[in-house]
Amino acid sequence: MLVVLRKNETEEIASAMLINVYDLEYYGVKTWATIEEANAEKNVFLASNELGLPGDWQAIAAEDHKVKIMNVKLNNNPSRRVKFDSSGSVELMK
């Protein structure tokens with residue numbers, strides 16, 4: 001399981017320009033290994049990516065394959081956003 005940040009009001013998942021293991025830049029979902037790690041880093045991450053107030057976001061667990069689906073839906077496109085609802089459905093936001 002991975003940990004992502006989900007916006008309380010819209011269920012949007014936090015995404016940004018990131019660097020992969022090959023040192024290549026891509027647009028995707030920011031993940032952490034633990035909820036504690038996500039909570040410790042979320043303020044800086046949200047501020048540096050202008051994603052709003054930390055209180056609006058919650059660290060939640062997401063299965064690896066759901067995160068992969070989120071990244072496919074983002075399609076390396078910074079104008080796209082995905083949401084992950086409480087039933088586990090991943091959708092592209094309109």
Side-chain angles (χ1 to χ4, degrees):
M1 286 257 183
L2 295 171
V3 176
V4 298
L5 295 178
R6 181 170 63 191
K7 195 166 192 175
N8 297 327
E9 190 175 308
T10 63
E11 298 181 323
E12 175 185 353
I13 297 299
S15 52
M17 293 304 296
L18 305 168
I19 303 293
N20 69 14
V21 295
Y22 303 106
D23 287 331
L24 298 173
E25 192 174 51
Y26 72 101
Y27 183 76
V29 172
K30 174 65 176 158
T31 62
W32 290 269
T34 67
I35 288 180
E36 295 77 19
E37 185 181 308
N39 285 329
E41 296 178 14
K42 100 174 165 178
N43 292 1
V44 172
F45 172 77
L46 293 171
S48 65
N49 290 286
E50 301 177 356
L51 292 173
L53 300 173
D56 294 340
W57 297 83
Q58 178 181 9
I60 62 162
E63 294 175 357
D64 295 6
H65 74 279
K66 292 290 186 177
V67 174
K68 288 178 184 176
I69 291 169
M70 292 174 200
N71 281 320
V72 167
K73 288 188 179 284
L74 288 173
N75 196 31
N76 203 26
N77 183 342
S79 68
R80 290 184 166 200
R81 303 284 181 266
V82 293
K83 70 184 250 182
F84 181 52
D85 66 27
S86 56
S87 71
S89 176
V90 177
E91 298 177 23
L92 197 57
M93 293 180 75
K94 306 280 185 223

Identify the two heavy atoms, one from Ala61 and one from Met1, that lie closest to each other, and give their separation to 0.1 Å.
CB-SD, 3.9 Å
Indicate yes or no: at least one non-hydrogen side-chain atom of Asp85 is less than 4.5 angstrom from one of Glu91.
yes
Is Asn20 reaching over with its side chain to a backbone N or O of Tyr26, donor-acceptor style, under 3.5 angstrom?
no
Shortest non-hydrogen separation from Met17 to Pro78 and the atoms involved:
SD-CG, 4.0 Å
Side-chain donor-acceptor pairs of residues 40-49 under 3.5 Å, sequence neighbours excluded:
from, atom 1, to, atom 2, distance (Å)
Glu41, OE1, Trp32, NE1, 2.7
Lys42, NZ, Pro54, O, 3.2
Lys42, NZ, Trp57, O, 2.7
Ser48, OG, Val44, O, 3.0
Ser48, OG, Phe45, O, 3.1
Asn49, ND2, Phe45, O, 2.9

Please check: side-chain N/O of Lys7 versus main-chain N/O of Ala14, any donor-acceptor pairing under 3.5 Å?
no
Main-chain N/O of Leu51 paired to Asp56 side chain as donor or acceptor, under 3.5 Å
no
All heavy atoms of Ala38 vs all of Val3, minimum pair found to be CB-CG1, 3.7 Å
How far does CZ of Arg81 sit from OG1 of Thr10, to the nearest 0.5 angstrom?
10.5 Å
Does Lys83 pair with Glu12 as a salt bridge, N-O distance under 4.0 Å?
no
Working to the nearest 0.5 angstrom, can you tell me the gap between Ser87 OG and Glu11 CD?
8.0 Å
Below 4.5 Å, heavy atoms only, C-beta onward: do Leu5 and Ile13 meet side chain to side chain?
no
Evaluate Asn39 against Glu36 for side chain to side chain contact (heavy atoms under 4.5 Å, CB included), listing each step before the verdict.
CA-CA 5 Å; Asn39 285 329; Glu36 295 77 19; 5.9 Å; no
So do the side chains of Leu92 and Arg80 get within less than 4.5 Å of each other, counting heavy atoms only?
yes
Check for me, please, whether Ile19 and Tyr22 land in the same ILVMFWY cluster - side-chain distances under 4.5 Å, paths through other members count.
no
Do you know which two heavy atoms are closest between Met70 and Ala62, and how far apart they sit?
CE-CB, 4.4 Å
Close side-chain approach of Phe84 to Ile60, heavy-atom, < 4.5 Å
yes
Do you know the tightest heavy-atom contact between Leu74 and Tyr27?
CD2-CE2, 3.8 Å
Closest contact, heavy atoms only, Leu18 versus Gly28
CD1-O, 3.5 Å
For the residue pair Lys30 and Ser15, establish whether any side-chain heavy-atom pair is separated by less than 4.5 Å.
no
